[in-house]
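Right, one structure below, let's go through it.
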Amino acid sequence: MGILNKKSLFTFLAASICLQSAFSDSRPAVRLALAEYPGYVYKDENGINRGIDVDFACKIAQYAGRTISIVQIADDSDQALHMLDSGSIDILGDTVKTPERTEKYLFSELAQGYSYNSIYVRADDDRFSYGNIQQLSVMKFGCAAHSESEEQFIQWCIQHGFTPDITVFQSNAAVKTAITDGKIDAGIIGAEFVENYRTIQKFSPLPYYFAFRKQDTALKNIIDSAMEKFFMEEPSYKEKLNRKYLTSQNVGIEVFTKEEKQFAAAHPVIKTATWKKHAPFSESINGKIKGIIPDYYAHLSKLTGIRFQFDEYETPQDAEEAVKNGKEDILAFYIEDVGEAAQKQMLLTRVYTTLNAAVISRTASEKITSAAVINVTEEKVKESIAQLHKNITVTGYKNAETCFDAMKHGKADAVVCALPVAVWLINRNSASQFHLTALPYITWNICGAVAPENDILCSMLNKAIQQSEPYMESILSAHTIPENSLRSFISRIPVIGITIFACIMFFMAVLLASVLILVHKRQKEKAVIEAVKAEKERKENELASLEKNTETRNIFFSNISHDMRTPLNAVIGFTSLAIKQTNDKVLRDYLSKIQSSGNLLLELINDTLTISKINSGKFKLNLAPVDSTDLISSLIIPVKEAADQKGIILTVDTSGLRKRCILADELNIQKIYLNLLTNAIKYTSPGGHIEFTVRNDVPGKFESEGIVKDTGIGISQDFLPHIFEPFLQEYRSGKEVSGTGLGLSIVKDLVDLMGGTIAVESKLNKGSVFTVRYHFEEVDPVCLSQPDTASASEQALLAGKNILLCEDNTLNREIALAMLEDRNMTVVPAQNGKEGCDIFAGSKEHDFDAILMDIRMPVMDGYEAARTIRSMRRSDSSSIPIIAMSADAFADDVQKCLTHGMNAHISKPVNQNRLYTVLCSLLCKQKSGK
Ligand code: ADP
């Protein structure tokens, strides 16, 4: 007999057991040899040892506190024992005890497992069914020669009251051939099953053990202790291993017998009882019964060829009654209770599924004192719960839904039901609200139940159930996992998930709102910016048109003042010449007065221009060396004249005025004083007094000071702060106001431009005091204008000089001619710039000593004429002095003349002395080659 050729329910391991303390982890693994055998010892696709014997061995190793190394060996007892002898293994498993072996080896006290002998038939032979001893008495058997099984079989048959008909063959192969050939019905073999054949009976179990070398008593003791402990603590483990590894494939396929096949043919439809609202197991939906049970039976139907027709009864009891009284063939769902079934005279099928119990509660932490259960399971639950939780009251309800409702509405703390039912309930309802826990100590074995006369049906179902076990799992899942609808999806989301989702949505909404507000704000801001931009543009346009207007006005003022100044030039110029022509004192006096008034008028004209220029920001000071005393004395005459005329006493105090050569804008300083003085005259009644004090000996930052003090009408305190604002005039009842209100505004602007200050003090009806303070830069007196009477050297320098005079205005030309000839110069007149250029071009080089050039002329103006002359290819074109003579006498006008190639500028009306001085200076420079 092969010691290792028999396998059975249990296996074991080999391992060194030892008290955990006695062996350290560093000890080598105990080597255990196990013989290869399907279902017991084999390697899976990953090369890992699997099988009942392997698992059992590992379990015992755990109990022994040791590690093992399993060596798979061939099913050859001699070779295996030799390995044990040689020490290449420590334990040999699957060893049958014989007297000889007991002498030589030690064996474990408890059996590692049992190996059976068996009777096997052709897999498709439907004449014989499993476990029917009666059928054996008429069968023909065969067995291999020298088989130990033969004797054991004979003994076993005798015990069962018959003698078997056995033919002995050379080998097991010959036995199989004889079966195939139909010479015999079955084979006898010392194995549990034969591949591709079907076992119909097992007999004479033979224990097998772990074998050790004689000297390894310690190891044997460890294994014995571990096995003892294991069988005590896990009595059902062997069964689990059987379920796990023994499939129809390795125990032999069960086939339906002839009788069973005949039954199926005679009963194509089997009436199957179930009860209402038994979801998820069975439930009528639209007149069709659906659920786990119908699906499972549909699968059984495929194997048996029987169609199961479901009928629903009100209660489980009604369904059971229908089976008992023959109305129905089978009760589809029955909680296995063999005793009860026997009492009720019902036959039970194999268990087709084992259901674990589970608890659904409202919260995980809630203390459970009452449980709702489905009626059918009530007793079992009560029993199981009573063992562990004495204080729980169990109430039965019709079905899973009513249980769940009871729990939901607080009638019970929890629902206790089968796990698939619990999963189904949870998924049908809002999963997140409830808590589910498994109750592993409560299980229900589910089977079918039939009337005793339906034993063939029962046997057919058993065979079908045996092969259908794997299908149940998937059917359970399919019926308890929720359908993927939106509603069920939402219901599965936990409350916390929904809360988080809601928070995120809220946050997103706030974010979106913020973004929208921001966008709206931006748009508003943009609109405001656009409006501001548009307003700016409008203002710019306005400004541009204002500037254009100003420019137009400036041009107009400039033109009109030019036109006014031209005749005035003649008045002043000829007066100046006339004075020199007469020695008549009275006549000279008159002429002087004409001259002064002319000058005053001229300045008034210039005022108009000044206002215009200042307002447009184009006003520039015309700084030049000035004699500080001349500056004042020249303006006194006209003012005094006016004061005299009005009967006002004008006192001029220049005691503090030292003769200094200062760099100043003479005309504009005079304009400031003229304004203040004419105002004083204007606002002082006849008989009043005006004091004009000028000095330049004041120590400090502003060394020059001019004070105009009058005893006039004065200025109110309210008006004083506004006195320098343009166009403002104080209203005096009964007093006519003349003027424009621009005078003081110009004064203030000019003083500011000169870097000075102006202050006013006044008392109504007492008088006013205007104080102007300046600082002037002092320059070399050489630069000063020459006195009226030309010096002898100047006269000598100018005499005989040849001057080209370009002037379109006849009067002006005549005046200039007279002034030049007065110094014995020769003058060649030209009526415009073009004529001047032609004359110069036609002249001999250096024939002319200087050119006097008017600016505003027809045909060709002075600027172009100067440029043309400078560009001529002749040796004197660049050196000849060109002096502009123009009524346009602002600093920018002067600058413009210089940039067009002219050397100097003389303002009109032409001051005779200035004309000579400038000419002298330029001729001097030319002479010295500068
Ligand atoms: P206008 O004299 O042309 O009206 P001004 O700008 O020169 O303009 O002067 C502004 C105003 O200041 C005058 O209208 C006048 O009311 C007041 N004012 C100026 N100077 C005096 C002064 N010396 N005495 C009294 N009031 C004066």
Side-chain angles (χ1 to χ4, degrees), residues 553 557 561 564 597 600-616 619 632 635-636 638-653 665 667-694 705-754 756-774:
R553 200 180 58 190
F557 281 138
S561 63
M564 285 164 78
S597 302
L600 187 61
L601 179 62
L602 182 69
E603 280 165 24
L604 284 172
I605 292 166
N606 287 338
D607 260 7
T608 321
L609 258 178
T610 307
I611 293 161
S612 161
K613 285 248 176 189
I614 288 173
N615 286 347
S616 65
F619 186 87
I632 300 302
L635 68 91
I636 299 299
V639 176
K640 197 158 175 48
E641 183 70 34
D644 285 350
Q645 271 179 16
K646 201 176 171 186
I648 295 166
I649 304 153
L650 171 68
T651 318
V652 179
D653 180 1
D665 186 333
L667 211 68
N668 285 313
I669 290 173
Q670 287 179 336
K671 199 176 283 172
I672 290 165
Y673 288 133
L674 270 173
N675 259 297
L676 296 175
L677 288 164
T678 48
N679 272 353
I681 295 165
K682 203 179 344 178
Y683 300 109
T684 303
S685 306
H689 189 203
I690 296 171
E691 277 176 49
F692 180 38
T693 312
V694 186
E705 190 178 72
I707 301 164
V708 178
K709 187 178 175 185
D710 66 58
T711 56
I713 59 172
I715 304 156
S716 74
Q717 294 306 304
D718 292 342
F719 187 69
L720 262 185
H722 308 285
I723 198 151
F724 297 114
E725 288 174 29
F727 305 109
L728 288 185
Q729 293 174 306
E730 189 169 24
Y731 171 75
R732 312 284 165 85
S733 63
K735 291 207 167 69
E736 204 180 307
V737 181
S738 62
T740 59
L742 281 170
L744 285 181
S745 171
I746 294 171
V747 166
K748 175 80 168 80
D749 288 339
L750 290 173
V751 171
D752 287 346
L753 274 169
M754 291 172 190
T757 62
I758 180 164
V760 56
E761 285 170 47
S762 186
K763 269 194 178 150
L764 222 48
N765 303 321
K766 288 271 157 65
S768 312
V769 184
F770 287 84
T771 309
V772 190
R773 294 191 173 96
Y774 312 96

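Both backbone and side-chain heavy atoms feed into the values below; hydrogens, waters and symmetry mates do not. For ligands, and for the atoms within them, numbers begin at 1 and follow the listed sequence.
Within ligand 1, counting atoms from 1 as listed, the ones closer than 4.0 Å to a heavy atom of Lys682 are 1 (P), 2 (O), 3 (O). Of all atoms in ligand 1, numbered sequentially from 1 with element shown, those under 4.0 Å from a heavy atom of Ile723 are 12 (O).
Two residues are said to be in side-chain contact when any heavy atoms from C-beta on lie closer than 4.5 Å; Leu676 and Phe692 fail this criterion. Residues Ile669 and Leu750 have side chains not in contact (no heavy-atom distance under 4.5 Å, counting atoms from C-beta outward). By the 4.5 Å heavy-atom criterion applied to side chains, His689 and Thr651 are counted as neighbours.
The shortest separation from a heavy atom of Gly712 to ligand 1 is not under 4.0 Å, leaving the residue out of contact. Within the 4.0 Å heavy-atom shell around ligand 1 one does not find Phe724.
For Ile715, every heavy-atom contact with ligand 1 shorter than 4.0 Å involves the side chain, none the backbone. Neither the backbone nor the side chain of Leu676 has a heavy atom within less than 4.0 Å of ligand 1.
A donor-acceptor pair under 3.5 Å is formed between the side chain of Ser762 and the backbone N or O of Gly767. Side-chain N or O atoms of Lys646 include one that pairs as donor or acceptor with a backbone N or O of Thr684 at under 3.5 Å.
Residues forming a salt bridge (charged side-chain N to carboxylate O under 4.0 Å, His left out) with Lys640 (at least two apart in sequence, or on another chain): none.
An N or O contact shorter than 3.5 Å links Asp710 to ligand 1 by distance. Geometrically, ligand 1 and Ser745 share no nitrogen or oxygen pair separated by less than 3.5 Å. Between Phe770 and ligand 1, a contact under 3.5 Å exists for no N or O pair. Residue-to-ligand polar distances keep Phe719 apart from ligand 1: every N/O pair is separated by 3.5 Å or more.
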Evaluate Ile672 against Ile746 for side chain to side chain contact (heavy atoms under 4.5 Å, CB included), listing each step before the verdict.
CA-CA 8 Å; Ile672 290 165; Ile746 294 171; over 6 Å; no
Passes side chain to side chain contact (heavy atoms under 4.5 Å, CB included), Ile715 versus Glu730? Steps please.
CA-CA 8 Å; Ile715 304 156; Glu730 189 169 24; 3.6 Å; yes
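The option from Asn765, Asn679, Val769, Ile681 that lies nearest to atom 19 (C) of ligand 1, judged by heavy atoms, is Asn679.
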